There are 2 protein chains.
Amino acid sequence: MRTDTTFKRAFNDMIDIIRTLDLGEELPSENALRAQLGVSRTTVRKVLAGMSARGIIISEAHRRIIGEQPLQAERYPKEETLAISEQVETSFMEWMLRDNACPGTEINEAELARKFGVATTIVREFLNRFQKYGLIEKRQNAGWIFKGFTANFALELFEIREMFEMRSARLFATLPDSSPVWKQVRAIRAAHLELLADIDARFQDFSELDSRFHRLIAAVSPNRFIEGFQDVIAMVFHYHYQWNKRDERTRNEIAIREHLALIDALESRNIALIDRACRSHLTSARETLLRSIV
Amino acid sequence: MRTDTTFKRAFNDMIDIIRTLDLGEELPSENALRAQLGVSRTTVRKVLAGMSARGIIISEAHRRIIGEQPLQAERYPKEETLAISEQVETSFMEWMLRDNACPGTEINEAELARKFGVATTIVREFLNRFQKYGLIEKRQNAGWIFKGFTANFALELFEIREMFEMRSARLFATLPDSSPVWKQVRAIRAAHLELLADIDARFQDFSELDSRFHRLIAAVSPNRFIEGFQDVIAMVFHYHYQWNKRDERTRNEIAIREHLALIDALESRNIALIDRACRSHLTSARETLLRSIV
DNA sequence: CATATGTTTCTTATGTATAAAAAACGGGGG
DNA sequence: CCCCCGTTTTTTATACATAAGAAACATATG
């Protein structure tokens with residue numbers, strides 16, 4: 001009943017490990033592989049068995065050696081490596097953004113389960129987790145309602161975001177030169193400059209960099225509630241921008257320049273400068289989001 | 001399989017409704033009762049059937065009249081009116097606060113389900129919802145870990161709480177005299193004074209008033225994320241103080257006086273005053289919580 | 001024709017089952 | 001005694017089943 005996505009993901013990862021080894025070379029121990037693959041030994045053994053069956057690995061007494069290099073074609077497709085609960089997220093987002101975007105829509109667990117082809121349990125569990133994003137609401141003994149990806153949602157989101165982000169950004173002014181954070185700041189500036197240099201081809205990579213940047217800022221003084229909120233922000237930007245492609249290149253270029261200005265401000269340790277750069281970036285991000293909603 | 005807690009709760013509520021009616025009087029329609037009881041007509045009919053069977057209601061052709069007044073003893077016990085998913089919350093809190101309070105404890109779905117005598121599905125669902133409180137964390141393909149009711153938890157909680165509450169309190173200074181909020185403020189001040197007058201006997205009622213007060217402040221400018229965070233705060237205070245009774249009376253009396261000071265400040269519309277009263281209350285609340293943790 | 005009740009259909013809450021994955025156990029061999 | 005591997009036990013992820021509850025439909029009655 002449970003899907004074997006963990007096995008398939010591990011199998012694919014194992015192919016990459018084997019490619020770093022030579023024909024006839026002995027494999028690391030099951031325990032070592034377990035650590036490398038980040039799964040249990042049970043799964044490692046299943047992967048090894050699968051590879052033996054395909055002749056990639058030859059098991060001799062007390063040792064295993066590489067029989068032949070695996071082909072890329074033997075990899076399992078990406079979809080099969082995602083747990084059902086993860087696939088449901090994508091299905092739901094598509095349903096939400098494409099089909100029934102209007103606020104007030106009732107969400108029917110059973111219907112969604114049928115539509116997505118999964119068990120109701122999974123949909124229920126997903127909706128429970130998804131609730132934290134503030135887009136759906138539960139009614140006692142009845143279904144859920146979709147509150148809508150509305151301007152109000154964006155405004156409430158950004159009100160919190162501004163509080164959290166200004167708080168974190170200001171803290172940078174008090175960090176000693178010796179803090180390891182500065183190295184990360186320099187690294188992320190480099191990543192921004194690189195992306196900017198090749199913006200025409202790689203503008204779609206910005207979404208991930210954006211999330212990384214804001215998480216770095218938040219991380220100066222860890223707070224589990226702020227970290228949890230970063231998930232909300234990441235979700236919104238990930239899916240909303242995936243759906244709305246208008247002006248994507250320009251939007252992203254502007255955001256990169258704002259990030260760079262904020263990085264400069266952070267390094268200056270000047271509170272006024274930090275405040276200004278941070279607020280200006282958030283204002284512009286908010287306006288962009290609002291414009292794409294209406 | 002599903003429990004009939006909705007029916008039992010409605011049954012109990014129905015007893016209260018009948019007590020306001022006279023013997024021989026005709027009952028409201030099913031639809032009217034549905035609205036009053038806040039359940040579906042299906043459940044109303046089940047309640048009516050149950051009461052008919054006990055002779056409380058007599059069904060004549062096309063009408064129902066009160067046959068005899070129900071006895072309080074006929075009420076279903078409180079526990080049976082709580083959905084399993086609600087009972088699990090209590091069980092879990094007790095388990096957490098009494099038995100295994102130490103940080104890092106692994107939480108085992110199957111074991112909890114056995115201990116609480118419920119299906120694993122329920123425990124899973126509960127843990128998913130409970131995650132938002134920041135006290136547990138999930139590990140992929142494995143169980144959950146309890147992060148502990150620690151000083152750090154309290155500090156992170158109050159950092160956010162301070163941001164949110166100061167923001168809301170300050171907004172009061174900008175409210176026009178005509179705002180309906182002021183009436184609610186006066187009402188809640190009265191409630192505080194009443195409780196204070198009878199503090200020796202009723203100090204335990206403070207927990208609920210506290211939650212009501214802070215939700216009122218937050219409500220001036222609704223924000224779904226702030227409202228969601230109020231749940232976290234309410235949970236912490238509800239359960240933690242239920243567990244730790246030390247100095248409860250004194251603590252609550254102090255808090256009431258701080259609330260009253262904050263109410264005065266709000267009504268003064270003086271930002272500096274509001275800031276001071278709000279911060280001073282939050283600081284004292286934080287210290288109290290911290291003291292009770294260590 | 002509107003409102004009340006009787007009937008049918010659909011959905012949610014909760015229990016049970018089971019394959020996949022993790023963890024624990026146990027016997028060698030270095 | 002520690003690591004490696006074979007085996008067994010436990011736990012999680014997911015499917016499915018069903019009674020309780022909600023909603024929709026139908027009929028009757030004033």
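Letters A, B, ... mirror the listed sequences (proteins, then strands); counts begin at 1. What you see is a predicted model; the values in this text were computed from it and never measured. Hydrogens, waters and symmetry mates play no part in the numbers below; they use all other heavy atoms, side chains included.
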Task: Of Arg34(B) and Gly143(B), the one whose closest DNA chain D nucleotide lies more 5' - done: Gly143(B)
Open item on the list: Without decimals, in angstroms, what is the distance between Glu30(B) CD and dA26(D) C1'?
Closed with: 14 Å
TODO: Starting at atom CH2 of Trp144(B), determine the distance to atom P of dT11(D), rounded to an integer number of angstrom.
DONE: 17 Å
Task: salt bridge (Lys or Arg N to Asp or Glu O under 4.0 Å) contacts touching residues 226-243 of chain A (sequence neighbours left out) - done: Lys132(A)-Asp231(A), Arg215(A)-Asp231(A)
Taking distance alone, no hydrogens or angles, what donor-acceptor pairs closer than 3.5 Å link side-chain atoms of residues 23-34 of chain A to residues at least two apart or in another chain?
unit_1, atom_1, unit_2, atom_2, d
Glu25(A), OE1, Asp22(A), N, 2.8
Glu26(A), OE1, Arg63(A), NH1, 3.1
Ser29(A), OG, Asn31(A), N, 3.4
Ser29(A), OG, Ala32(A), N, 3.1
Glu30(A), OE1, Arg41(A), NH1, 2.6
Glu30(A), OE1, Arg45(A), NE, 3.4
Glu30(A), OE2, Arg45(A), NE, 3.2
Glu30(A), OE2, Arg64(A), NH2, 2.9
Asn31(A), OD1, Arg34(A), NE, 3.0

Open item on the list: By the 4.0 Å heavy-atom rule, please label Arg139(A) as base, sugar-phosphate, or nothing.
Closed with: nothing
TODO: Let me know the distance between NZ of Lys138(A) and C1' of dA22(D), rounded to the nearest Å.
DONE: 12 Å
TODO: Figure out the CG/P separation between Asn108(A) and dG21(D), and round it to whole Å.
DONE: 19 Å
Open item on the list: For the CD1 atom of Ile58(A) and the CD1 atom of Ile65(A), what is their distance to the nearest 0.5 Å?
Closed with: 5.0 Å
Open item on the list: Can you measure Arg2(B) atom CZ to dA19(D) atom P for me and round it to whole angstrom units?
Closed with: 13 Å
Task: Atom-to-atom span, CG of Leu112(B) to P of dT10(D) - whole angstrom - done: 17 Å
Open item on the list: If we ignore hydrogens and angles and just use 3.5 Å, is the side chain of Arg19(A) paired with the main-chain N or O of Pro70(A) as donor and acceptor?
Closed with: yes
Open item on the list: I need the residues from residues 119-134 of chain A with at least one non-hydrogen atom less than 4.0 Å from DNA chain C; give them sorted by number, or say none.
Closed with: Arg124(A)
Open item on the list: By the 4.0 Å heavy-atom rule, please label Lys8(A) as base, sugar-phosphate, or nothing.
Closed with: nothing
Task: Test item: Glu156(B) and Ile160(B) side chains (from C-beta on) under 4.5 Å apart, heavy atoms - done: no
Open item on the list: For Pro77(B), is there any backbone N or O sitting under 3.5 Å from a side-chain donor or acceptor partner on Glu80(B)?
Closed with: no
Task: Integer-rounded Å distance: dT14(D) C1' and Glu109(B) CD - done: 12 Å
Open item on the list: Under 4.0 Å, counting only non-hydrogen atoms across every strand here, what does Arg114(A) touch: a base, just sugar-phosphate, or nothing?
Closed with: sugar-phosphate
Task: Length of the line joining Glu106(A):CD and dA22(D):P, which is rounded to integer Å - done: 14 Å
TODO: With a 4.0 Å heavy-atom cut-off, tell me which residues in residues 41-52 of chain B come close to DNA chain C, sorted by residue number.
DONE: Arg41(B), Arg45(B)
Task: Side-chain heavy atoms of Asp4(B) within contact of Lys46(B), under 4.5 Å - done: yes
- [ ] Please figure out whether Asn141(B) or Ser29(B) has its closest DNA chain C nucleotide nearer the 5' end.
- [x] Ser29(B)
Identify every side-chain donor-acceptor pair in residues 137-151 of chain B under 3.5 Å, counting partners at least two apart or on other chains, and give the distances.
unit_1, atom_1, unit_2, atom_2, d
Glu137(B), OE2, Lys147(B), NZ, 3.2
Lys138(B), NZ, Ala142(B), O, 2.7
Asn141(B), OD1, Arg2(A), NH2, 2.8
Asn141(B), ND2, Thr6(A), OG1, 3.0
Trp144(B), NE1, Glu109(B), OE2, 3.3
Thr150(B), OG1, Asn152(B), N, 3.4
Thr150(B), OG1, Phe153(B), N, 3.2

Open item on the list: Pick the closest DNA chain C nucleotide for Ile107(A) and for Met1(A) by heavy atoms, then say which residue is nearer the 5' end.
Closed with: Ile107(A)
Open item on the list: When you measure from the side chain of Asn12(A) to the backbone of Tyr76(A), do you find a donor-acceptor pair of N or O atoms at a distance under 3.5 Å?
Closed with: yes
Open item on the list: What range of DNA chain C does chain B touch, first nucleotide to last, counting atoms under 4.0 Å from its heavy atoms?
Closed with: dA4(C) to dA22(C)
- [ ] Please tell me if the side chains of Tyr239(A) and Glu89(A) come closer than 4.5 Å, counting only heavy atoms from C-beta onward.
- [x] yes
Task: Pairwise side-chain contact, Glu86(A) with Thr5(A), heavy-atom cut-off 4.5 Å (strictly under) - done: no
Open item on the list: For the backbone of Ile17(B) and the side chain of Thr20(B), can you confirm whether one donor and one acceptor N or O come within less than 3.5 Å of each other?
Closed with: yes
